[in-house]
**Q** 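Before I ask anything, here is the structure I am working with.
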Amino acid sequence: MAVDLLEKRGSNYSGRPVFPLHESAGFSRATALMDYGNDHQLHRKMLQKYFNKGKASLHRPFQAQEARALVQNLILKPENRQEHLIRFATSIIIQISYGHVIEAEDDPYLKIVNDVVHHVLPVIGPPEGSVVDLFPFLRHFPSWFPGAHDAYLARSTRPFVEQLHQYPVADIGEQMRLGTAKPSFLAAQLEEMQSGEGNHAITLEHIQGVSAVLYLAGTDTTASSLSTFFLAMVLHPECQAKAQQEIDAVVGSNRLPDFNDRPSLPYIECILQETLRWHPAVPLGIPHTSREDDTYNGMFIPKGSIVVAHARGMALNEEVYKDPFTFEPDRFISKPTGRGEPYLSGSFGFGRRICPGRFLADDSLWIAIATALAVLSISREIGEDGLEIIPEDKFKLEATSQPLPYRCRIYPRNDVMRSLVA
Ligand code: HEM
């Protein structure tokens with residue numbers, strides 16, 4: 001049904017509802033939240049040109065380098081796992097989008113994204129997550145009015161959101177003036193706008209809107225998917241052992257896996273796909289709306305309806321996935337060895353709003369997972385009683401779905417593998 005409506009009838013089902021909390025926080029210019037129309041199409045053109053499959057693969061050497069840095073950081077400070085995951089995702093987005101390399105903990109780009117992750121996302125939640133989304137008029141009420149407090153809190157996060165829109169564009173603009181700007185998505189857009197070549201309709205506001213969404217859409221989603229992967233490895237040591245056997249057999253023990261190995265590592269592929277299915281990072285997708293009245297299988301769908309592509313619901317469909325709550329990568333292996341179940345198709349959304357960063361994200365996740373499995377042992381902590389601490393399979397929904405904080409042990413499998421990321 002999602003494919004029938006959101007893809008085959010995409011011209012009708014590609015709008016977005018108004019998200020009052022996100023608007024109050026200052027996100028009305030962001031690609032993911034704007035309604036379908038000319039501005040959205042301009043955003044998509046900019047994104048598609050730069051993040052299509054062919055272009056995305058040009059970034060693989062840098063993604064592999066960042067995956068090594070991630071694993072190295074995890075060995076040095078395993079207790080900061082979540083920060084390392086966010087930093088991995090952020091470094092990739094920032095390098096590709098703005099040509100900027102994060103070198104220090106107090107990097108201004110890192111600070112901006114951390115501020116948004118820690119101060120803004122928990123307040124605004126996922127689109128449709130608050131009482132203000134259901135009753136938008138509450139956003140105009142004073143903050144003491146029940147329900148209006150959310151809108152007040154969202155408004156108070158505006159300075160962080162403004163920084164997200166303004167800083168990269170101003171910084172790269174200045175670098176271009178000085179002639180020091182490195183090649184990046186943002187520099188390419190600013191150059192095109194200033195030269196008067198390309199699409200004349202693109203304005204600074206469009207560029208700021210896309211620039212802000214890259215930060216947001218690309219970091220938290222990637223980091224939470226990786227956090228889900230680490231949790232799965234702690235809960236399922238048998239899957240980790242099987243994956244490591246595959247890597248040892250195919251890649252050997254004197255080099256790290258690289259993108260050329262991907263077709264020869266089917267079980268690693270299954271682990272990635274099962275991570276995306278088991279707990280999709282964006283479990284409800286982002287709601288679409290319809291522009292016109294429509295009828296589907298005899299059901300009347302009035303203009304302006306909100307259509308939610310429930311990725312988590314699809315992932316848990318027992319008619320498609322046996323024991324859907326269980327993390328079981330073998331489910332995708334062809335019959336008769338496995339069950340031949342299909343990869344989840346909705347993890348990155350549908351139709352004209354499908355995630356434009358999906359190729360980049362897929363590469364980032366694959367190389368991080370393959371490198372981590374090659375080099376690391378990810379295991380359970382031992383409690384004071386001498387017993388293993390088994391984390392709970394529990395998730396929280398903020399802007400994305402992510403595991404509740406959990407403890408685990410992370411250490412190199414052996415000195416040889418460790419030396420490969422040093
Ligand atoms: C694991 C990582 C990611 C996941 C699971 C994910 C998932 C999604 C989903 C479900 C949507 C909504 C699609 C719809 O409305 O049908 C979306 C939209 C979007 N994503 Fe991603 N995404 C990821 C990474 C990225 C990255 C790395 C980028 C940027 C390079 C990105 C940029 C965007 C943008 C700009 C939109 C808005 C598209 C629009 O409204 O037209 N995402 N993503």
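As the structure is a prediction and not an experimental result, all values here were calculated from the model. Start at 1 and go down the list; that is how both ligands and their atoms are numbered.
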**Q** Under 4.0 Å between a side-chain nitrogen and a carboxylate oxygen: does that hold for Arg339 and Glu341?
**A** yes
**Q** Answer yes or no for Met34: is there a heavy-atom contact with ligand 1 below 4.0 Å?
**A** no
**Q** Where on Leu214 is there a heavy atom closer than 4.0 Å to ligand 1, on the side chain, on the backbone, on both, or on neither?
**A** side chain
**Q** What protein heavy atom sits nearest atom 28 (C) of ligand 1, and how far away is it?
**A** Gly357 CA, 3.6 Å
**Q** Would you say ligand 1 has an N or O under 3.5 Å from any N or O of Arg352?
**A** no
**Q** Which of the atoms of ligand 1 are close to Val213, meaning less than 4.0 Å from one of its heavy atoms?
**A** 35 (C)
**Q** Does the ring center of Phe27 lie less than 6.0 Å from the ring center of Phe19?
**A** no
**Q** Taking the side chain from Arg158 and the backbone from Ser24, do they hold a donor-acceptor pair closer than 3.5 Å?
**A** yes
**Q** Considering only non-hydrogen protein atoms, determine which one is nearest to atom 32 (C) of ligand 1 and report residue, atom name and distance to 0.1 Å.
**A** Ala217 CB, 3.4 Å
**Q** Are His40 and Arg353 close enough that a side-chain donor and a side-chain acceptor fall under 3.5 Å?
**A** yes
**Q** Would you say the rings of Phe185 and Phe51 are close, in the sense that their centroids are separated by under 6.0 Å?
**A** yes
**Q** Quick check: are there more than 12 heavy atoms from other residues, nucleotides or ligands sitting under 6.0 Å from CD of Glu318?
**A** no
**Q** Mark up the atoms of ligand 1 that fall under 4.0 Å of a heavy atom belonging to His40, in ascending order.
**A** 39 (C), 40 (O), 41 (O)
**Q** What are the atoms of ligand 1, with element, lying closer than 4.0 Å to any heavy atom of Gly349?
**A** 10 (C), 13 (C), 14 (C), 16 (O)
**Q** How long is the straight-line distance from NE2 of His84 back to CG of Leu226, given to the nearest 0.5 Å?
**A** 13.0 Å
**Q** Heavy-atom contacts under 4.0 Å between Ile286 and ligand 1: side chain, backbone, both, or neither?
**A** both
**Q** Tell me which protein heavy atom sits closest to atom 13 (C) of ligand 1, plus the residue, atom name and distance to 0.1 Å.
**A** Arg353 O, 3.1 Å
**Q** Under a 4.0 Å heavy-atom limit, does Thr221 contact ligand 1 with its side chain, its backbone, both, or neither?
**A** both
**Q** With rounding to the nearest 0.5 angstrom, report the OH to OG distance, Tyr406 to Ser227.
**A** 3.5 Å
**Q** Checking a contact table here: which protein heavy atom is nearest atom 16 (O) of ligand 1, and how many Å away?
**A** His288 NE2, 2.8 Å
**Q** Is it true that the side chains of His119 and Asn114 contain a donor and an acceptor less than 3.5 Å apart?
**A** no
**Q** When you check the gap from the basic side-chain N to the acidic O, do Asp362 and Arg358 get nearer than 4.0 Å?
**A** no
**Q** Does the pair Arg16/Asp35 count as a salt bridge with the N-to-O cut at 4.0 Å?
**A** no
**Q** Please state which protein non-hydrogen atom is closest to atom 27 (C) of ligand 1 and give its distance, to 0.1 Å?
**A** Gly218 CA, 3.5 Å
**Q** Heavy-atom contacts with Phe350 under 4.0 Å: which atoms of ligand 1 show up? List them by number with element.
**A** 16 (O)
**Q** What part of His43, side chain from CB on, backbone N/CA/C/O, both or neither, has a heavy atom under 4.0 Å from ligand 1?
**A** neither
**Q** Atom 6 (C) of ligand 1: which protein heavy atom is closest, and how many Å away?
**A** Phe348 CD2, 3.6 Å
**Q** For Arg44, which part has a heavy atom under 4.0 Å from ligand 1: side chain, backbone, both, or neither?
**A** side chain
**Q** Checking the N or O distance criterion of under 3.5 Å, is ligand 1 in contact with Thr222?
**A** no
**Q** Going by heavy-atom distance to atom 10 (C) of ligand 1, choose the closest among Ala361, Ser347, Gly351, Cys355.
**A** Ser347
**Q** On a heavy-atom basis, I'd like to know which of Pro356, Ala89, Ser225 is closest to atom 36 (C) of ligand 1.
**A** Pro356
**Q** Could you tell me whether ligand 1 has any atom less than 4.0 Å away from a heavy atom of Arg16?
**A** yes
**Q** Does atom CD of Glu238 have more than 12 heavy-atom neighbours, drawn from other residues, nucleotides or ligands, at distances under 6.0 Å?
**A** yes
**Q** Roughly how far, to the nearest 0.5 Å, is NZ of Lys396 from CG of Leu404?
**A** 7.0 Å
